[in-house]
Amino acid sequence: MTETNDKKVALVTGATRGIGKAIAISLAKAGYIVVGTATSEAGAKSISEFLLPYGGYGLVLNVMQKESIESTINEIVKRSGDILVLINNAGITKDGLFLRMSEADWDAVMDTNMKAVFLLSKAVIRNMTKARYGRIVNISSVVGFTGNPGQVNYSSSKAAMVAFSKSLARELGSRNITVNCVAPGFIHTDMTDALPEQVKQDFIKTIPLNRFGSAEDIAASVKFLISDDASYITGTTIHVNGGSYM
């Protein structure tokens, strides 16, 4: 099927490194005008540097502040046009056993990982509805399905994201707007590379494909979900985990 992105504007949150960076570059190479966001000026500058060859750029965004979201989206619309593709990738962890988990750590993770998805989706839906076209992909996690000790807050936020996506997909389907999730498993990142070798080998033993995934594996699934080839897929989750969860 011929792709018809027509230089659509795609917003990718948390695009400084890792999965977010891989997604931003993948979509930029596919012809989208990609705007990546970071929490700092230095992060936004680095995004602009790697997106510059493709006509994209980086901006500072605090995903927990409605005012920051509104001003950033207004800037994007004035500069590049309506956002018709939204990739909610920004997220944090504040791990700890539940008995020791503070209310502040619970709130920070839920606000960054889940409330931000609500706020950002709310901010772009009106223009998507007018255009009768939109693609929203939310980056969940395998632990949203399996649970994980020490990650009650993170697992909860990622599971909530899936339910949110299903419900929103039902509301927006008639407007040709799809809402889906990608749930990564154990992916090579700066954090995982720093783990002791034995710890990494123990993790690999739980993965049928016997290796960690790459950020590019996640980016490929995201690119598929926003493509014309996936126009009849909505309200679903693609699991990219090497078989560690089936």
Open item on the list: Please report the interatomic distance CD1(Ile177) to CG(Leu86), rounded to the nearest 0.5 Å.
Closed with: 11.0 Å
Open item on the list: Looking at every heavy atom in both Ile19 and Pro184, which two are closest together, and how far apart are they?
Closed with: CD1-CG, 4.2 Å
Open item on the list: How close do Cys181 and Leu225 get, counting heavy atoms only, and between which atoms?
Closed with: O-CD1, 3.9 Å
- [ ] Indicate if Met114 and Tyr154 have the same hydrophobic cluster label, given that clusters are the connected sets of ILVMFWY residues with side-chain heavy-atom separations under 4.5 angstrom.
- [x] no
TODO: Find the distance between NZ (Lys223) and OG (Ser26) and round it off to the nearest 0.5 Å.
DONE: 4.0 Å
Task: Shortest non-hydrogen separation from Lys158 to Ile139 and the atoms involved - done: NZ-O, 2.8 Å
Sequence neighbours left out, cut at 3.5 Å: what donor-acceptor pairs do the side chains of residues 61-73 make with other protein atoms?
from, atom 1, to, atom 2, distance (Å)
Asn62, OD1, Met64, N, 3.0
Ser68, OG, Asn62, N, 3.0
Ser71, OG, Glu67, O, 3.2
Ser71, OG, Ser68, O, 3.1
Thr72, OG1, Val60, O, 3.4
Thr72, OG1, Ser68, O, 2.8

Open item on the list: If we check side chain to side chain contact (heavy atoms under 4.5 Å, CB included) with Ile87, which of these qualifies: Val182, Ile136, Ile226?
Closed with: Ile226
- [ ] Not counting sequence neighbours, which residues clear salt bridge (Lys or Arg N to Asp or Glu O under 4.0 Å) with Lys200? List them please.
- [x] Glu197
TODO: Only counting residues at least two apart or in another chain, list the ones meeting salt bridge (Lys or Arg N to Asp or Glu O under 4.0 Å) with Arg211.
DONE: Asp217
Open item on the list: Could you work out, with ring pair (Phe, Tyr, Trp, His ring centres under 6.0 Å) as the rule, every residue matching Tyr245, not counting sequence neighbours?
Closed with: Phe145, His239
Task: Nearest heavy-atom neighbours spanning Asn180 and Gly235 - done: OD1-N, 3.1 Å
Open item on the list: Side-chain heavy atoms nearer than 4.5 Å, only ILVMFWY residues, links allowed to pass through others: does that put Phe164 and Ile92 together?
Closed with: no
- [ ] Indicate the atoms forming the closest heavy-atom contact of Ser221 with Ile238, along with that distance.
- [x] OG-CG2, 4.0 Å
Open item on the list: Using the ring pair (Phe, Tyr, Trp, His ring centres under 6.0 Å) criterion, which residues pair with Tyr54? Sequence neighbours excluded.
Closed with: none
Please list, one pair per line, the donor and acceptor atoms closer than 3.5 Å that link side chains of residues 36-51 to other protein atoms, with sequence neighbours excluded.
from, atom 1, to, atom 2, distance (Å)
Thr37, OG1, Gly14, N, 3.4
Ser40, OG, Gly43, N, 3.0
Ser46, OG, Gly43, O, 2.7
Ser48, OG, Ala44, O, 3.2
Ser48, OG, Gly58, N, 2.8

Task: Geometric cation-pi criterion, Arg135 with Tyr133: 6.0 Å, 45° - done: yes
